[in-house]
Amino acid sequence: MNLKITDLLNDYTGEKLYLDPVPVPSSTRIKEAAMKKLERKAVHPVRIALIVAAAAAVLTGTALGVMRYSKNTEKMAENWEARTSNEMAQEQKDFVEAHSADLGESVTDQGVTVTMESVTISGQTVTMLYSVVLDPDTYGAAEPLVKSLDAYVENPNYDDQPDMQCSTFQDADGLFQSRWTFETLPADANLGDGQTTLHIQIDTIEYATEVQEAQEVSGTWSFAISLPTVEAAQKRSFDTVLNFSGDVTLTITDIALTENGCTFNVETDNNDYIFTNSGEEADLAHAAEPDAPIFTVDAKLADGTTVPCIQAGMQYNSAAGLDRWSITWAVPVDPEDVVSLVFSDGNSREEISMEAADSWTLEGEISLEIQDISLDEDGIHFSVKAADSTQYQFSGAPDMAAAANPDKTICTAYGLLGDGSIVPEGSAHMAYNAATGLDDWTISWAAPMDPAEVVSLVLSDGTTEIEIPIN
Amino acid sequence: MGWMQEAELLRRLKKRRSRALEQAIDQYGAYVATVVRNVLGASGTMEDAEELSADVFYTLWTHCGTITPGKLKPWLGAVARNRAKDFLRQRRPVLPMDEDILSIPTDSPETAVLEHAQKQVLFDAIDAMTEPDREIFLRYYYKFETMEEVAQRMQLPIGTVKTKLHRGRKHLKEILTEQEAAQ
C-alpha cells in the first residue's frame with residue numbers, strides 16, 4: 001500500500017501549524033468574495049426546491065445589495081416599514097425569506113384571473129400573497145374584492161382538519177394577503193414538512209367602481225399548492241412572572257414565543273382590560289379613553305427594532321381561572337431574535353428580557369460571577385470573577401476539599417445528561433488569568449464525554465445552585 | 001470563541017443566516033487567509049488568497065452541519081490548507097515532494113485508504129514528535145515548503161532538514177506498518 005504523506009495530512013487539524021506572519025486580504029474582501037460565490041450558486045438555472053433557492057437568494061441580497069427576495073418577503077418588509085417607520089433589518093428579512101417562496105400559479109374563470117404569487121409558512125400559519133385581475137373588456141375599470149375564500153390543508157400524517165382562522169388584507173397596490181392560522185394542528189406537525197398541500201377555493205369575486213355599485217361574479221378559482229419545505233423555528237418558553245402594576249394589576253406568566261407571536265397567561269381581578277394592536281390603533285384607543293385598561297405588547301429584536309402586534313386574541317381557561325392571550329406579530333420573527341417583550345398600558349411600560357444570560361452568579365457566602373462557559377470532551381471550562389480568589393475553590397471531591405480548607409467556600413460543577421443522569425467530575429484546576437483578572441477553571445469529566453450529550457450544567461457553592469441549559 | 005458561542009454560530013449557519021457567515025469571516029477570516037498564504041507561498045497572489053479563503057467559507061456554508069462545535073478553527077485550517085494545495089497542484093501538477101510516498105507492506109489493494117482511527121494514530125504520532133522535527137515535518141509536508149525554504153526559515157543546514165525528514169518518515173512508516181500487521 002502506497003500512501004502519500006501530503007494526502008494523509010488532509011485531515012490533520014493540529015493546533016500548531018507553524019504559520020509565518022504574512023500579509024493577508026482583509027475580512028471585508030473575503031466577505032465580498034464569499035458572497036459573490038453564494039450569488040453565483042443562487043442563480044443556478046434549475047430551481048427545483050423553492051426553499052433552497054430562497055435560502056441562496058438571502059445571501060445574494062446580503063452582500064451585494066442585489067435583492068432577490070420573494071414577493072411575500074418584499075411585501076412584508078413594505079408593511080413593516082409602513083408600520084414602524086423603520087426599514088426591516090437584513091437578518092429579519094432573511095428569516096422571512098427562509099420561510100417564503102414565490103409561486104406564480106394562476107387560474108382564470110369568468111374573465112377573472114387569480115394568481116397565487118407568493119407564500120410564507122411560519123409555524124401554524126400560512127400567509128399567501130395573491131392578485132385578482134379583472135378582464136378590462138368585461139369589467140372596465142372596476143376593482144375586485146374577494147368575497148368568499150376557503151382553505152384547508154391536506155397532509156398524509158394527520159386526517160383531522162385543523163380549526164382555522166383567516167384574516168385578509170388588501171394593500172394599496174391591490175394585492176391581497178390572506179393569513180391562515182391552523183390552530184389545532186397536531187403538536188409535532190409542521191406546515192413546512194414538504195408533505196402539506198394547501199387547498200384554496202374562491203367562489204365569489206365582487207367588483208365595483210367609484211360610480212358603480214358592487215356586483216358579484218361567481219366562478220371557480222381553485223388551487224392545490226404544495227407548500228415548500230421550511231424548517232420550523234423552535235418555540236421558546238419562559239417561566240418569567242411579570243407583575244404589571246398600573247391602574248390595573250396584571251400578573252403575566254407562562255410566556256411562550258413562536259414565529260408568529262407570543263402567548264401568555266394573565267391573572268387579574270379586572271375583567272375589563274384588553275390587549276390590542278400596537279401602533280396607531282392603540283394610540284387612538286388611549287387618546288379616546290386615557291384611563292381605560294388597554295394594553296399592548298411588542299417584541300424588541302437584537303438590533304433594537306420593535307415588532308408591532310397586529311392582532312390580539314384571548315381565550316379564558318376556566319380550569320385555571322386565567323386568560324390565555326395570543327399576540328400576533330406583524331411579520332414572522334425568529335423567536336430566538338426576540339430580546340425582550342415590552343408591555344404597555346399607554347402610561348407606563350415594562351420590559352421583560354427574553355435573552356439567555358451570558359453570566360450567572362452564585363450568591364452564597366461570597367459572590368461568584370461565572371462567565372464564558374464552554375464544554376469539550378475533557379470537561380467544563382469557565383471563568384470566575386471573585387472578590388478574593390483565595391476564599392473559594394471548585395473541587396471534584398467537595399467533602400475532602402472542605403475538610404482540608406474549612407475557611408473556604410467549596411463549589412462544584414457537573415453536567416447533566418438528557419436522561420437526568422449526572423456526569424461525575426474528575427479533577428478541578430484553576431489558573432489565574434492576569435489579562436482578564438479572572439480565575440479560569442477547568443473541571444474535567446471523570447471520563448471523556450461527548451459535549452453534545454450534556455444538556456445542562458449545575459454549579460453550586462453548597463448554599464445556592466444554578467442550572468445552566470446548554471443548547 | 002467558546003464552545004457555546006461556536007455551537008450557536010454553527011446553528012445559525014445551519015439556519016442559513018448570512019450574518020452568521022459574516023461573523024465567521026470576521027472571526028476566522030485572517031486565520032484562514034494566513035493558512036492559505038502560508039501554503040501558497042510565492043506561488044499565489046493576494047487575490048488568489050482572497051479567492052481561496054472565500055472558497056473555504058463557502059465550504060463552511062455548505063458543510064456546517066458536519067462540524068462539531070469546538071472544532072471549527074481546526075476544521076477551517078484543514079479546509080484552507082487543502083484548497084491551497086489543490087490550487088498549487090493546478091499550477092504545478094507535481095508538488096516538489098522529494099519523498100512523499102510511504103510504502104506499507106500489506107495485502108490491501110494499492111488504493112486502500114486509512115480508517116479514521118488509523119489516521120488519528122498517525123496524527124498523534126506527529127503531535128508527539130519533538131521539536132524541531134515536528135516543525136520541519138509540517139513545514140515540508142503540510143505547508144509544502146521546499147527543503148531549502150525550511151532550512152532558510154529555521155536557520156538550519158539543509159542536511160539537517162533532510163535527515164530529520166527521513167527520520168520522521170521512517171517513524172510514521174513504522175507506526176503504519178505495525179498497525180497493518182496488527183489487523
Side-chain angles (χ1 to χ4, degrees), chain A residues 1-38 41 54-56 58-59 61-63 90-91 94-95 97-98 231 233 334 336 372-377 381-382 450-452 470-471, chain B residues 2-4 7-8 11 15-19 21-22 25-26 29-30 33-35 37-38 46 49-51 53-55 57-58 61 69-71 74-75 77-78 82 85 95 97 100-104 106 108 110 112 114 119 122-123 126-127 135 138-139 141-144 153 169 172 176 180:
Chain A
M1 171 170 62
N2 289 334
L3 297 168
K4 291 189 84 171
I5 302 173
T6 49
D7 289 342
L8 286 176
L9 290 173
N10 281 351
D11 298 330
Y12 180 70
T13 56
E15 282 289 311
K16 202 166 181 188
L17 300 175
Y18 308 100
L19 299 174
D20 298 313
V22 285
V24 295
S26 69
S27 292
T28 309
R29 300 271 301 172
I30 297 172
K31 259 185 229 173
E32 284 172 7
M35 296 306 174
K36 276 180 190 166
K37 287 178 190 299
L38 292 165
K41 302 293 174 186
V58 166
L59 284 141
T62 305
Q90 183 75 52
E91 194 151 26
D94 292 352
F95 178 79
E97 184 62 16
E231 189 182 340
D334 188 342
E336 295 190 19
D372 210 3
I373 300 175
S374 64
L375 305 181
D376 60 19
E377 293 94 325
H381 311 274
F382 54 88
D450 181 355
I470 308 291
N471 288 331
Chain B
W3 183 89
M4 282 199 281
E8 171 65 10
R11 189 189 63 75
K15 291 180 83 175
R16 290 298 182 246
R17 298 306 183 82
S18 49
R19 285 279 171 85
L21 189 66
E22 291 179 347
I25 296 173
D26 284 336
T34 302
V35 173
R37 287 225 74 188
N38 266 262
M46 188 71 105
E50 186 180 301
E51 191 68 12
S53 300
D55 268 344
F57 286 101
Y58 180 73
W61 179 258
K71 304 285 185 195
W75 185 90
N82 294 337
K85 186 181 81 169
L95 289 175
M97 293 289 110
D100 188 18
I101 305 296
L102 288 178
S103 293
I104 312 297
T106 179
S108 308
E110 289 295 300
L114 292 188
K119 275 188 184 173
L122 190 69
F123 296 160
I126 293 170
D127 289 338
E135 181 169 353
L138 288 175
R139 279 187 178 277
Y141 285 113
Y142 188 88
K143 290 175 60 183
F144 308 106
R153 283 190 194 282
R169 277 193 303 273
L172 295 185
L176 290 171
E180 195 61 31

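Note: hydrogens, waters and symmetry copies are ignored here, and every other heavy atom, side chains too, is used. Quick note on labels: first sequence line is chain A, next is B, and so on, each numbered from 1.
Rounded to the nearest 0.5 angstrom, A/Ile5 CD1 and B/Tyr141 OH are separated by 3.5 Å. Atom CZ of residue B/Phe57 and atom CE of residue A/Met35 lie 10.5 Å apart, to the nearest 0.5 angstrom. With rounding to the nearest 0.5 angstrom, the OH atom of A/Tyr18 is 9.0 Å from the CZ atom of B/Arg139. To the nearest 0.5 angstrom, B/Arg11 atom CZ is 3.5 Å from A/Glu336 atom CD. Rounded to the nearest 0.5 Å, atoms CG (A/Leu19) and CZ (B/Arg37) are 13.0 Å apart.
No part of A/Pro21 comes within reach of chain B, as not one of its non-hydrogen atoms sits under 4.5 angstrom from that chain. Heavy atoms of B/Ile25 lying under 4.5 Å from chain A belong to its backbone as well as its side chain.
Side-chain atoms of B/Glu22 and A/Ser27, non-hydrogen and from C-beta on, never get closer than 4.5 Å to each other. Within the 4.5 Å cutoff, the side chain of B/Glu50 has no heavy atoms near those of the A/Glu32 side chain.
Judged as a side-chain contact (heavy atoms from CB on, under 4.5 Å), and not counting sequence neighbours, the contacts of B/Ala54 are A/Ala33, A/Ala34, A/Lys37. Scanning for salt bridge (charged side-chain N to carboxylate O under 4.0 Å, His left out) contacts around B/Asp26 gives A/Lys31, with sequence neighbours left out.
With respect to chain B, the highest number of heavy-atom pairs below 4.5 Å among A/Val22, A/Thr28, A/Asp20, A/Ile30 belongs to A/Asp20. Contacts with chain A were tallied for B/Ser53, B/Gly77, B/Gly70; B/Ser53 has the most, counting heavy-atom pairs under 4.5 Å.
Here the closest non-hydrogen pair linking A/Tyr12 and B/Ile126 is OH-CG2, 3.9 Å.
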